[in-house]
Amino acid sequence: MSSTSGKTVDVIIGSSRESFLETIKLILKGYYPYKLQFFSSADAIIENTSNGDFKPILALIDGLDGTQKTNEWVQSTKMNYPDCPVIVLHSSETPLDFSVVKKNGADEVMHINFDREFISDMVLQLAPIEMEGDNIPITALMPVDLRDIEADININFDVYVHLPANHRSVVLRRAGDVIDQRQVEKFKNLRQQMYVKKTQMKEFFEYARTVMSMRNVPFPISMTEKFHRSMKTIYEFMGQFLNGASTDYSEGKVIYEKCKSIITDLELNKTLEPTAIYDEVCRYAGNTRSYYHDCICVAAYAAYFAQLLDWPAEKREAMAVAGLLHNIGLAQLPVSAGAKHFKDLNPEELIEYKRYPDRSIVMVKAKKVPISQEISDAIGQHRENLRGKGFPKGLVAADLTPAGKLLAIAYQFHEATALQDSRAAVMPKVAIEHLRDNALAGEADVDLVMMTTLFKRFKA
């Protein structure tokens with residue numbers, strides 16, 4: 001692990017476009033030890049070999065020009081810096097054959113927008129470097145499930161709390177300290193999120209396994225590790241959706257089984273009392289928004305809300321699968337639009353954005369994922385509303401299915417309770433109350449009967 005006492009490390013940014021460099025600067029904003037070195041051609045990388053002071057620990061290569069051009073970049077990088085890990089970042093605008101690119105030396109192939117959250121994970125995994133102080137970016141931190149914390153036991157990792165309004169992450173406890181019971185209860189009562197550095201992920205997982213063993217848990221894998229493992233599974237099946245190589249029909253079944261493994265791992269279909277469901281919902285609330293977190297959180301809320309509505313287990317699982325796949329069509333947005341907030345899109349980008357529910361269904365069907373009509377309806381209708389003012393089709397209440405209505409509630413609930421930029425997250429009870437009030441006022445964004453039932457269960 002590198003230190004950060006005034007030290008920087010070299011990172012290759014390879015692209016013929018300066019816009020790619022600007023995107024990388026945005027992704028790695030706040031990662032101050034990384035010194036980004038821009039190369040506008042593969043030849044420029046070769047010509048720089050004589051610079052003995054340049055010792056890159058990572059290369060981020062533009063894959064937007066297709067397989068052949070990307071291979072030239074990857075080969076030039078590995079030929080001159082064989083020990084330098086290479087991450088290729090691509091979009092859906094130009095198909096890319098992942099297996100060919102990896103065969104030529106790429107360590108990872110990632111979608112520049114959809115995989116954005118996991119890009120930071122991969123960067124810190126392949127080129128780990130420690131960051132200190134209160135200015136660590138939130139993307140360099142990993143949220144922790146408080147169930148994995150045991151009071152009064154020495155920790156071997158630093159603990160942080162994030163202050164979204166101030167854009168700061170403050171150290172709460174250092175490695176070697178203990179977290180007392182009062183502090184744990186404070187986090188639980190305030191529904192506050194605790195974080196550890198992604199570079200200390202291994203240390204945290206070891207600590208959590210020890211805690212689980214002390215509690216005599218049969219399979220001592222922490223909920224935090226399961227959550228992270230689920231995000232990695234999403235990364236894997238998104239790679240299957242986005243790979244430009246030809247595939248056979250068995251791939252769809254593999255994707256569906258991966259969705260079910262996430263649901264099992266996170267226990268989203270476990271039968272619980274309403275109070276326990278509320279606690280579970282609160283654990284997912286307050287996370288920073290990203291495509292991956294949206295997948296998991298919307299899946300969780302959809303499954304838990306379905307249970308509160310007394311839907312049977314198979315329908316709850318269907319809603320969770322719909323949540324996991326609801327936004328994959330966003331991977332087909334233009335690169336310029338992928339990182340923007342919905343409100344900041346220009347008219348052309350907005351038209352493209354409003355097509356994503358339909359595109360999600362098209363992508364699922366193209367890979368022959370064996371989903372039911374109920375799951376397809378939920379994915380296609382989760383951005384509609386009862387007034388016919390939603391998208392992609394502007395359906396009215398009579399045309400919406402129960403699954404579509406419920407996934408729309410789960411999505412809007414997630415929008416309200418997740419962190420985004422400097423906006424503080426709304427507490428779950430408040431979010432449910434606002435959605436209920438909206439339905440009662442006749443604004444008809446969400447289903448009145450469903451919202452009234454959910455509000456009563458939450459209030460209880």
Side-chain angles (χ1 to χ4, degrees), residues 63-64 66-67 70 88-103 106 108-118 229-266 268 290-292 294-296 298-299 302-303 314 317-335 338 352-383 392 403-404 407 411:
L64 302 185
T67 303
T70 301
V88 171
L89 301 176
H90 73 104
S91 78
S92 301
E93 294 174 26
T94 308
L96 199 66
D97 190 322
F98 291 14
S99 59
V100 172
V101 173
K102 286 186 175 182
K103 193 177 292 182
E108 297 290 338
V109 181
M110 311 187 76
H111 193 280
I112 196 164
N113 284 330
F114 202 94
D115 289 334
R116 185 162 294 198
E117 176 190 9
F118 216 65
R229 192 163 65 184
S230 297
M231 289 202 295
K232 191 170 183 180
T233 302
I234 293 172
Y235 168 57
E236 290 169 356
F237 73 59
M238 280 307 299
Q240 292 175 276
F241 278 120
L242 299 171
N243 192 348
S246 58
T247 57
D248 58 37
Y249 294 148
S250 65
E251 198 163 18
K253 188 175 181 181
V254 172
I255 292 171
Y256 192 77
E257 290 303 317
K258 285 181 177 178
C259 288
K260 290 177 69 174
S261 75
I262 292 173
I263 295 166
T264 300
D265 234 9
L266 299 179
L268 299 185
S290 70
Y291 291 138
Y292 281 31
D294 285 3
C295 290
I296 293 176
V298 173
E314 63 270 17
E317 180 179 273
M319 293 308 302
V321 171
L324 289 172
L325 299 176
H326 81 279
N327 64 352
I328 63 173
L330 288 169
Q332 294 189 0
L333 281 179
V335 175
E352 291 296 310
Y353 179 85
K354 289 185 175 181
R355 290 174 177 159
Y356 90 78
D358 278 344
R359 284 175 170 165
S360 296
I361 297 171
V362 170
M363 289 171 69
V364 168
K365 290 183 176 179
K367 290 293 180 180
K368 306 293 183 184
V369 182
I371 62 169
S372 63
Q373 185 60 45
E374 185 175 44
I375 295 173
S376 181
D377 289 341
I379 294 171
Q381 297 173 10
H382 75 275
R383 297 304 299 271
L407 200 65
Y411 182 87

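The first residue of the sequence shown is numbered 1, and numbering continues consecutively from there. A quick note: this is a predicted structure, and the numbers were derived from the prediction, not measured.
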Minimum-distance pair of heavy atoms, taken over all atoms of Ile328 and Met363
O-SD, 3.5 Å
Applying side-chain hydrogen bond (donor to acceptor under 3.5 Å, both in side chains) to Ser376 and not counting sequence neighbours gives none
Distance, nearest 0.5 Å, that separates CZ of Phe98 from CD of Gln240:
10.5 Å
How far does CG of Leu330 sit from CZ of Arg355, to the nearest 0.5 angstrom?
13.5 Å
Separation between CD1 (Ile361) and CG (Asp377), nearest 0.5 Å, reads 7.5 Å
Could you walk me through whether Asp294 and His326 pass side-chain contact (heavy atoms from CB on, under 4.5 Å), step by step?
CA-CA 9 Å; Asp294 285 3; His326 81 279; 4.2 Å; yes
Check whether any side-chain heavy atom of Val364 lies under 4.5 Å from a side-chain heavy atom of Ile371, and answer yes or no.
yes
Taking the side chain as every heavy atom from C-beta outward, state whether Asn113 and Ser91 have any pair of such atoms under 4.5 Å apart.
no
Test side-chain contact (heavy atoms from CB on, under 4.5 Å) on Glu317 and Ile263 and set out the steps.
CA-CA 7 Å; Glu317 180 179 273; Ile263 295 166; 4.1 Å; yes
Can you see which heavy atom on Leu96 is nearest to which on Gly63, and at what distance?
CD1-O, 3.9 Å
Is the gap between the ring centers of Phe118 and His111 under 6.0 Å?
no
Phe237 vs Val369, test: side-chain contact (heavy atoms from CB on, under 4.5 Å). Steps then yes/no.
CA-CA 11 Å; Phe237 73 59; Val369 182; over 6 Å; no
Any idea how Phe114 and Tyr291 line up, ring-wise: parallel (<30°), tilted (30 to 60°), or perpendicular (>60°)?
parallel
Just how far is it from atom NZ of Lys260 to atom CG of Leu324, taken to the nearest 0.5 Å?
13.0 Å
Side-chain contact, heavy-atom cut-off 4.5 Å: Arg383 with Tyr353?
yes
Pairwise distance NZ(Lys102) to CG(Asp97) - rounded to 0.5 angstrom
11.0 Å
Any side-chain heavy-atom pair of Ile255 and Lys368 under 4.5 Å
no
Heavy atoms of Met231 and Tyr292 approach each other most closely as O-CE2, 3.4 Å
To the nearest 0.5 Å, what is the distance between SG (Cys295) and CG (Asn327)?
4.0 Å
Restricting to non-hydrogen atoms, name the atom on Ile379 and the atom on Pro357 that form the minimum distance, rounded to 0.1 Å.
O-CB, 3.7 Å
Which heavy atom in Met319 sits nearest to a heavy atom in Ala378, and how many Å separate them?
CE-CB, 4.3 Å
Looking at every non-hydrogen atom in both residues, tell me the closest pair between His90 and Leu64 and how far apart they are.
C-CD2, 3.6 Å
